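Since the model is a prediction, treat every value here as computed from it, not as a measurement.
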Amino acid sequence: READAKLAETRAAEAKAAEQHARAAGHPFKVGDILHYSWGWEQTQCEFYQVTATARGTLTMRQIASRDAGQSTGNSMSEMRTARPGVFLTDEPELRKTPQTTDGRYWYVAMDHGHATPWSGKPMYCSWYG
């Protein structure tokens, strides 16, 4: 238990240091950038976000729609999806986030169940069961 508490404390300190670094150094995100967020346990949720505003140390983003990329995954309960830039999901609010970095090269945005990273432009795996 003591080791777990120390690890949690270390991770919290590292996260805080990364956040302070992002605020002090700025971040590489710009308006229009697309981020991919994948999460899930027995299914893989696949979401895309578009940066709508930036400020020193923060960015604002909104979830955007995606579409089937038409590529087979070999599983009838999954598909490859691509982002639809500019097609905002109207019922989703804007999110204001503080980008974080591990080393100044790999940047991400912490989300509820993981993190969003810059989208490569390639189709991403999405499933609705196992």
Side-chain angles (χ1 to χ4, degrees):
R1 289 189 186 267
E2 189 172 285
D4 290 344
K6 187 160 181 98
L7 180 60
E9 183 178 270
T10 299
R11 286 185 177 162
E14 288 171 349
K16 184 176 181 178
E19 182 177 323
Q20 289 172 340
H21 172 75
R23 287 181 192 274
H27 57 75
F29 298 106
K30 61 188 181 307
V31 172
D33 283 352
I34 307 295
L35 289 94
H36 172 253
Y37 172 41
S38 178
W39 59 277
W41 177 253
E42 288 185 341
Q43 56 189 359
T44 305
Q45 302 295 322
C46 180
E47 299 174 2
F48 294 94
Y49 291 82
Q50 187 167 349
V51 176
T52 58
T54 63
R56 186 131 180 100
T58 64
L59 61 81
T60 303
M61 61 187 193
R62 284 182 63 198
Q63 190 172 2
I64 57 174
S66 63
R67 69 173 138 243
D68 182 354
Q71 295 180 356
S72 174
T73 63
N75 179 343
S76 64
M77 297 178 141
S78 66
E79 62 190 10
M80 300 298 286
R81 299 198 66 77
T82 60
R84 296 182 64 198
V87 182
F88 296 101
L89 299 180
T90 57
D91 60 343
E92 295 294 324
E94 288 192 324
L95 302 173
R96 187 170 181 196
K97 298 286 189 173
T98 301
Q100 299 178 16
T101 183
T102 56
D103 60 7
R105 291 176 294 193
Y106 175 81
W107 286 85
Y108 62 95
V109 174
M111 302 291 278
D112 288 342
H113 305 289
H115 57 272
T117 57
W119 180 45
S120 68
K122 296 180 181 177
M124 306 304 290
Y125 179 81
C126 179
S127 71
W128 43 94
Y129 185 76

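- For the residue pair Ala53 and Val31, the shortest heavy atom distance occurs at CA-CG2, 3.8 Å.
- In this structure, OG in Ser78 is found 3.5 Å from OH in Tyr125, a value given to the nearest 0.5 Å.
- Hydrophobic clustering keeps Leu95 apart from Ile64 (ILVMFWY residues linked when any side-chain heavy atoms are closer than 4.5 Å, directly or through intermediates).
- In summary, the side chains of Gln100 and Tyr108 do present a donor paired with an acceptor at a separation below 3.5 Å, with no hydrogens or angles considered.
- Trp107 and Leu35 fall within the same hydrophobic cluster, defined by Ile, Leu, Val, Met, Phe, Trp and Tyr side-chain heavy atoms under 4.5 Å apart, directly or through other members.
- Note on Tyr49: it clusters hydrophobically with Trp39, by side-chain heavy-atom contacts below 4.5 Å among ILVMFWY residues.
- One side chain, Glu94 or Thr52, offers a donor N or O that lies under 3.5 Å from an acceptor on the other.
- Atoms CD and CG, from Glu9 and Asp4 in turn, are 12.5 Å apart once rounded to the nearest 0.5 Å.
- Between Pro85 and Ile34, some side-chain heavy-atom pair lies under the 4.5 Å cut-off.
- Under a hydrophobic clustering in which Ile, Leu, Val, Met, Phe, Trp and Tyr are joined whenever their side-chain heavy atoms come within less than 4.5 Å, directly or via other members, Tyr37 and Leu59 fall into the same cluster.
- Looking only at distances, no side-chain donor or acceptor of Thr44 sits under 3.5 Å from a matching main-chain atom of Gly40.
- For the pair Arg81 (side chain) and Met124 (backbone), a donor-acceptor distance under 3.5 Å is absent.
- Rounded to the nearest 0.5 angstrom, Ser127 OG and Gln43 CD are separated by 6.5 Å.
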Item to check | Candidate pair Met61 and Gln50, rule side-chain contact (heavy atoms from CB on, under 4.5 Å), full reasoning | outcome: CA-CA 5 Å; Met61 61 187 193; Gln50 187 167 349; over 6 Å; no

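- Taking the charged nitrogens against the carboxylate oxygens, Asp33 and Lys30 do have a contact shorter than 4.0 Å, which makes a salt bridge.
- A side-chain donor-acceptor contact under 3.5 Å links Lys97 to the backbone of Ala110.
- Hydrophobic clustering, with ILVMFWY side chains joined whenever heavy atoms are under 4.5 angstrom apart, groups Trp119 together with Phe88.
- Glu2 CD to Leu7 CG: the interatomic distance, rounded to the nearest 0.5 Å, is 12.5 Å.
- Note on ring orientation: taking the six-membered ring where Trp is involved, the planes of Phe48 and His36 are tilted (angle from 30° to 60°).
- Atom OG in Ser66 sits 12.0 Å away from atom CE in Met80 (nearest 0.5 Å).
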